[in-house]
Structure formats: C-alpha cells, structure tokens
2 protein chains.
Amino acid sequence: MIRLYLVDDHHVVRRGLRSYFESFADIKISGEAATAEELLHKIGEVQTDVILLDILLPGGMDGLEAARRILGQPNPPRIVILTAYTDPARAMAALRMGVQGYVRKDSPPEILLAAVRAAANGQIYLDKQTTEIISEEIPEIKLSLREQQVLEQLAGGDTNREIASTLMISEETVKSHVSSILSKLGLENRSQAISHALKNGLVRRDS
Amino acid sequence: MIRLYLVDDHHVVRRGLRSYFESFADIKISGEAATAEELLHKIGEVQTDVILLDILLPGGMDGLEAARRILGQPNPPRIVILTAYTDPARAMAALRMGVQGYVRKDSPPEILLAAVRAAANGQIYLDKQTTEIISEEIPEIKLSLREQQVLEQLAGGDTNREIASTLMISEETVKSHVSSILSKLGLENRSQAISHALKNGLVRRDS
DNA sequence: TGATTTTTCCCTCTTTAGGGGGATTTCATA
DNA sequence: TATGAAATCCCCCTAAAGAGGGAAAAATCA
C-alpha cells in the first residue's frame with residue numbers, strides 16, 4: 001500500500017488527483033496541502049511514502065524549497081515533483097537534491113501513476129521531455145544569491161537604476177550582475193531574461 | 001438537469017472537475033475538450049447547457065476567442081470562464097462578450113458549482129475578487145490587433161528589429177506600436193510590458 | 001459620405017542597456 | 001595558504017529603446 005500526500009494550490013487539481021489515485025487499490029491518500037508552509041507544518045504528523053508536490057505554490061516558499069527541507073530530514077518520504085512547464089535547470093536541481101520524479105501536469109494520468117509507483121519503489125521516474133532534455137548533459141545553471149535578487153527585480157520590470165536603489169548598490173554593479181545573468185542563462189538581453197524567468201518559474205510572480 | 005461541457009488542457013483538471021460535478025444529481029457531463037479547436041469542432045454535435053472554459057489553452061486560439069465564436073452562433077450554450085489569475089481587462093472583455101461567469105481556478109469547489117448553476121439559470125456569477133475589481137469601473141484597455149501581435153513577440157524577448165522582421169514592417173513602426181502599448185497599459189518601458197503581459201496572461205507562454 | 005481608428009513611416013534627441021576590460025575586497029575551500 | 005568565486009565599482013564605447021512631433025494611406029464605423 002502506497003501512502004500518497006498531495007500538494008497543490010488548486011482545489012480542482014487536488015480533487016482530480018485524489019479521485020484518480022483512489023481508484024487504485026494499492027494507493028491511499030494520506031493527506032493534502034495547498035502551500036509549502038502547510039505541507040511542512042502538517043507532514044510531521046502523518047506517515048506517508050510519497051509526496052506529489054507542485055513546484056509553483058503561493059506564499060513565500062516554492063515546491064523545490066519545501067522538497068529540500070523535507071529531504072533534509074532523517075528518513076524522508078519520496079518526492080515526485082509536479083510542474084506545469086518543463087524547466088531543465090529546475091529539473092536538474094530537483095534531481096540533485098534527491099527528488100524521485102519529475103512530471104508535467106499535462107501528462108496523461110498513467111504517467112503520474114507510474115511516477116508515484118516508481119517513487120514508492122525508490123526508483124526515479126522522469127517524463128519523456130524531461131529525460132530528453134536532461135540527457136543532453138546540460139551543465140547546471142546556477143545563479144548566485146545576488147543574481148537571483150537582481151533577476152527577481154528584472155522580472156518585475158525594474159530598470160537598472162531602480163534595482164541599484166533597492167539593493168543599495170551602484171548601477172554599475174547591477175549592470176555587471178545583469179551581464180553575468182545573461183551569460184549564465186545563454187540569453188542576449190534583459191527582455192529575454194524577463195521572458196525566460198517568468199515562463200520557466202525562475203522567479204515568483206506576485207504581480 | 002444541467003448538461004456541462006468541460007474545456008481544459010490538463011488531464012487532472014478535467015478529471016477533477018468531472019468527478020466533482022458528477023457527484024451532484026442535477027449535473028451531467030456532456031463532453032470534454034483539451035483545446036479551443038477541439039471544442040469548436042466537437043461542440044456542434046453535442047447538446048449542452050453550460051461550457052466551463054479555461055482561458056489559457058495551447059494552440060492558436062485562447063478561451064476568449066473560442067467563447068466569442070460560440071456566443072456568435074444562434075442559441076448558444078452559456079459559458080463560464082475558468083482562469084488561473086484574475087485579469088480585470090480580460091474579465092471585462094469576457095463579460096462584454098456575453099459570458100455568464102468568471103471564476104478563478106483556485107476558488108473553492110462550491111464557487112465553481114454556484115457559477116455553473118447560476119449560468120444554467122441565465123444569471124451571471126463573478127467571484128469576489130473579480131467583482132471587486134470590476135466594480136471599480138476600470139476603463140477597458142483594448143489593444144489593437146497589431147499591438148497584440150507586437151506584445152506577443154515583446155513577451156518572447158524579441159527586439160524591435162526582430163519584431164519588425166517577422167511582421168514585415170519597419171523598425172520605426174514597431175517602435176510606435178510599442179509606445180502606444182506602453183501608453184495604453186500605463187507602463188514605462190518594455191520590461192514592464194513583458195512582465196505585465198506574462199503575469200496577467202495577456203499573451204500565451206509557449207516557451 | 002464624413003469621421004475615427006488603425007497602420008504605416010520618418011526625423012531628432014536623450015536615456016538606457018550591455019560589452020569589454022579592468023580592479024579591489026571578502027570569504028570559503030582545496 | 002593559494003585559488004577561485006562572489007560582490008563591489010570604474011571607464012569607455014556602441015547599440016537599442018523610447019519620447020515628441022508629424023504625416024499619410026487604409027480600414028472601419030456611424
């Protein structure tokens with residue numbers, strides 16, 4: 001019997017997952033959470049084998065950070081990441097941190113099932129697209145803390161001057177951070193950086 | 001008995017909606033579609049009272065355009081728009097075009113149910129946030145066709161020169177379109193336009 | 001038809017972005 | 001301790017973006 005915990009901020013998604021998985025005799029839903037904070041708060045009190053975890057969650061913490069914390073505990077449950085869009089960098093980061101699966105939300109239900117069962121067995125399951133992308137030996141793209149902060153504001157539409165002002169550094173420094181972000185991500189200008197960051201969930205979108 | 005048609009590109013969402021609505025005696029699911037094209041293709045052959053329609057759909061056509069076409073037909077079904085983020089402009093546009101409801105995906109299921117039942121009765125149902133926003137008498141922000149096309153490419157990270165090239169117009173023309181987009185949306189630069197467009201679902205995000 | 005909007009293009013001018021090439025300090029780590 | 005990454009700042013220079021002010025043809029609408 002696989003005990004499965006569901007984490008997604010949308011009611012309909014949780015309900016859909018629950019009704020689907022409950023139709024299989026070997027799976028039992030051990031609980032649900034809508035946010036990363038709720039998950040971390042509740043997970044200590046339940047015994048579960050697998051957590052199906054959405055990446056983009058409202059509030060301060062995203063799914064990856066929640067995964068990191070849970071996997072840092074002794075004898076943690078397996079985690080399968082559920083995501084709307086396939087992002088190579090995030091998938092790599094997730095795998096490095098010990099996640100057991102990475103599947104797209106628009107995958108057919110059988111894929112989700114396969115991923116959960118594989119995770120329960122300690123196997124790793126990746127969907128086709130992710131596997132293809134990963135297998136191309138993509139070097140991990142890692143932004144420094146400062147670069148992430150700059151990217152965050154970049155994606156908010158701020159100018160270099162505004163970023164400089166809120167980070168209390170000079171405009172020149174911001175420019176050098178932006179340049180290294182572009183070079184690390186293989187992009188050509190800030191517009192592409194904004195587009196990339198928002199489309200691939202590299203930043204929160206609190207609009 | 002309310003016949004309800006479901007349109008969403010995610011399996012889990014469709015499944016969740018179906019299992020939820022089927023638990024009510026007065027509702028019957030008359031069909032499902034994953035894209036706007038599929039909906040338009042299939043809807044002629046089924047009798048349905050209400051269509052629950054996701055706004056962001058893969059492929060060329062979005063939910064609003066599909067709604068426009070369906071509502072243009074004689075004696076059309078009622079349409080309830082389902083959306084991930086509340087966008088005032090889109091909500092206004094949807095209502096103007098005769099849609100019967102506008103609800104967020106993360107609403108509690110009871111809200112969805114209320115919206116569908118209201119639509120079946122010919123009433124209009126808006127969720128709280130949308131109502132609040134609408135009631136502030138927001139003047140409709142309407143981009144021309146050309147401006148939408150430019151915004152689409154803008155959000156993809158393209159430069160003015162690239163946009164000019166694909167639209168087969170001069171760079172100067174692109175600049176004037178960009179300027180009018182900024183002025184209509186009340187923004188200051190293209191970075192803000194990209195951020196705004198992606199965060200508020202003004203463009204598709206096919207990454 | 002007349003009026004309005006859309007789409008197109010041009011010019012000038014200022015600001016912003018971004019590359020290239022340094023340099024310094026701090027801090028972790030091999 | 002040496003090495004390297006991170007973070008800070010500077011200069012010079014080119015290209016891109018955007019404001020302001022027109023203008024004119026085409027499409028749409030009243």
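These numbers were taken from a predicted model, which means no experiment stands behind them. We name chains A, B, ... by the order of the sequence lines, and we start the count at 1 in each one.
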Between A:Thr159 and C:dT16, does any side-chain N or O lie under 4.0 Å from OP1 or OP2?
no
Note, B:Val150 side chain near B:Leu143 side chain (heavy atom, < 4.5 Å):
no
Quick one: list whatever passes side chain to side chain donor-acceptor pair (under 3.5 Å) with A:Asn160, sequence neighbours left out.
A:Arg190
Quick one: salt bridge (charged side-chain N to carboxylate O under 4.0 Å, His left out) partners of B:Arg15, sequence neighbours excluded?
none
Which residues satisfy the side chain to side chain donor-acceptor pair (under 3.5 Å) test with A:Glu38, sequence neighbours excluded?
A:Lys42
Got a sec, which residues hit side chain to side chain donor-acceptor pair (under 3.5 Å) with A:Lys105, two or more places apart in sequence or on another chain?
A:Asp8, A:Asp54
Roughly what angle, to 10°, lies between the helix axis at the start of the helix from C:dT1-D:dA30 to C:dA30-D:dT1 and the one at its end, five pairs per end?
60°
Results of ring-ring contact (aromatic ring centres under 6.0 Å, His included) for B:Tyr20 - residues two or more places apart only
B:Phe24
Contacts of type side chain to side chain donor-acceptor pair (under 3.5 Å), residue A:Ser180, not counting sequence neighbours
A:Glu147
Give me the distances for all protein-to-nucleotides 6-8 of chain D N/O pairs that come in under 3.5 Å?
| unit_1 | atom_1 | unit_2 | atom_2 | d |
| --- | --- | --- | --- | --- |
| D:dA7 | OP1 | A:Arg146 | N | 3.4 |
| D:dA7 | OP2 | A:Ser144 | OG | 2.3 |
| D:dT8 | OP1 | A:Arg146 | NE | 3.1 |
| D:dT8 | OP1 | A:Arg146 | NH2 | 2.8 |
| D:dT8 | OP2 | A:Arg146 | NE | 3.1 |
| D:dT8 | OP2 | A:His177 | NE2 | 2.8 |

Summarise how protein sits on nucleotides 25-30 of chain D as a single string, 5' to 3': B when a protein heavy atom is under 4.0 Å from the base, S for sugar-phosphate-only contact, - for no contact.
------
Salt bridge (charged side-chain N to carboxylate O under 4.0 Å, His left out) contacts in which one or both residues fall within residues 155-171 of chain B, not counting sequence neighbours
B:Arg161-B:Glu171
Every protein N/O lying under 3.5 Å from an N/O of nucleotides 12-15 of chain C:
none

Using whole Å, what does the distance between atom C1' of nucleotide D:dA16 and atom CG of B:Leu154 come to?
13 Å
What protein N or O atoms touch nucleotides 26-30 of chain C N or O atoms at under 3.5 angstrom, if any, and at what distances?
none

If you compare every side-chain N and O of B:Asn160 against the phosphate oxygens of D:dA17 (OP1, OP2), does one of them come in below 4.0 Å?
yes
